[in-house]
Structure formats: C-alpha cells, structure tokens
Student: 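There's a structure below that I have some questions on.
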Amino acid sequence: MKCLLLVDIQNGFCSGGNLAVPNGEDIVPIVNRLIAKGRYDLVVASKDWHPADHGSFASQHPGSSPFKMGTLNGKPQMMWPDHCVQGSHDAEFHPGLNVGGIDHVQRKGEDPTIDSYSAFRDNDQSALTGLSGYLARAGIGSLDICGLATDYCVKASALDARAMLPGVKVRFISDASRGIDPTDVKAAIAEMSAAGVGIVTSADVLSER
Ligand SMILES: [Zn+2]
C-alpha cells in the first residue's frame, strides 16, 4: 500500500500567512497532480494546530522576538510568530488544495509546552500523535512525504518515518516542498538522505507505473 503524507499545507505557511514559507503555495498544483493521479492508496495530511498561548510563539516570551532562538521548558526553541492557531484562517488548508483527496488529517502541536515539527511525535520524541500507529495499522509499504517547510516539519516527519516505521520505504518529493532557509534546506536533504530517505521529484513519481 502506497501512502502520501502532506505536511502542513496551510494558509499560515503560504504567502499572506503568519509564518509564510517563500513561495509555499507553489507546491499546491504539484500536490494536486500527485493526488489526482490516484496512484496513492492513502493520502494523509498534517496540520499545525496550536492553542493561542503556544510556547513556541515569541509573543509568549517577553523580550523575545520571532526567528530568535529561545527556550521552551528549558530546551532550545526557535521563537516563531503566532501561527496556525486552532480554528483560525491561518490554520486552514490552502484553499487551492484538493482536500477531497485527503483521507485522514493528523493534527499536531496542540500541547502548549512543547513544539511538534514532526507529524509523528513532539520534539522531545515522547508524546506520539498517533500517526505511526495509524499508518502501521493501514499496512503501508511506502510513504512519500512533501509539504512545508522542508527544513523543519517535512524533515522531522521524514526522519521520524524512518525511525518509527521499520520496513516502510520513505521518500521526500523535493519539488512538492518548500523551505524557509536555502542553506538549511540543503542540509535537511542531506540529513534525510543519510537517514535512508529517498530523494525524488514529482516527475519521478508521476512517471512510475
Ligand atoms: Zn507551529
């Protein structure tokens, strides 16, 4: 069984969003083509889904400002602008995304005391979202991953997929993803590759039988 995981394709990470990834929305038509071909048996989408007082928000730390390193629960934490607050427009999927093609939505980042870049578990790797169990029960054999942002949530999800889903072939679809920092994107791709994640393009996927 082939599964596609769409990471955080939400308004907040697209142009006009509170934590916009450069050209994030450019992936939407590519992702729609991947879904439309019907080549995946299961399409799962994650949503960053924060309470308004989430501890990753610079606004919760007096004296801090967005995109500075700070601490959360004693651990290093990038301070972000308020983004993807539960129930807000910012947290909705991009309006161009074919949500009818999504079989399952996995929310993450609901605990205000810790961030969750990965769709599988919190950043301290303790609390699970439930996605790994869901995919294991579904009996998937391969998992393709794409979305926003490559250097944070996509990378963390791909690495966790490798660590938590033994025997599942994991691939990153590069042109169906966008990152925040070009240097970090390169490093993220190298890190994923070193962990056994295949690096492919949507053209590779669409040309497969
Ligand atoms: Zn977030």
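We count ligands from 1, going down the list as the structure has it; atoms in each ligand are counted the same way.
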Student: If you apply the rule ring pair (Phe, Tyr, Trp, His ring centres under 6.0 Å), what do you find for Phe57 with His83, and how did you get there?
Tutor: CA-CA 8 Å; Phe57 296 168; His83 64 278; 5.3 Å; yes
Student: For the Zn ion (ligand 1), which protein N/O/S atoms fall under 2.8 Å? Skip waters.
Tutor: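 Listed by chain and number, the nearby protein N, O or S atoms are Asp48 OD2, His50 NE2, His83 NE2.
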Student: Side chains of Asp175 and Ser202: is there a donor and an acceptor less than 3.5 Å apart?
Tutor: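 On atom types as modelled, these side chains qualify, holding a pair under 3.5 Å.
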Student: Would you kindly say whether Gln77 and Thr71 are connected by a side-chain donor-acceptor distance under 3.5 Å?
Tutor: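 Per modelled atom types, Gln77 and Thr71 side chains form no pair under 3.5 Å.
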Student: Pairing donors with acceptors under 3.5 angstrom, does anything connect the side chains of Asn123 and Tyr117?
Tutor: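 On atom types as modelled, these side chains do not qualify, holding no pair under 3.5 Å.
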Student: With no hydrogens and no angle check, do the side chains of Ser88 and Asp90 hold a donor and an acceptor under 3.5 Å apart?
Tutor: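 No, Asp90 and Ser88 have no side-chain donor paired with an acceptor closer than 3.5 Å.
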Student: Is it the case that the side chains of Asp204 and Thr201 hold a donor-acceptor pair, with the cut-off being a distance below 3.5 Å and no angle test?
Tutor: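 Yes, side-chain donor-acceptor contact under 3.5 Å.
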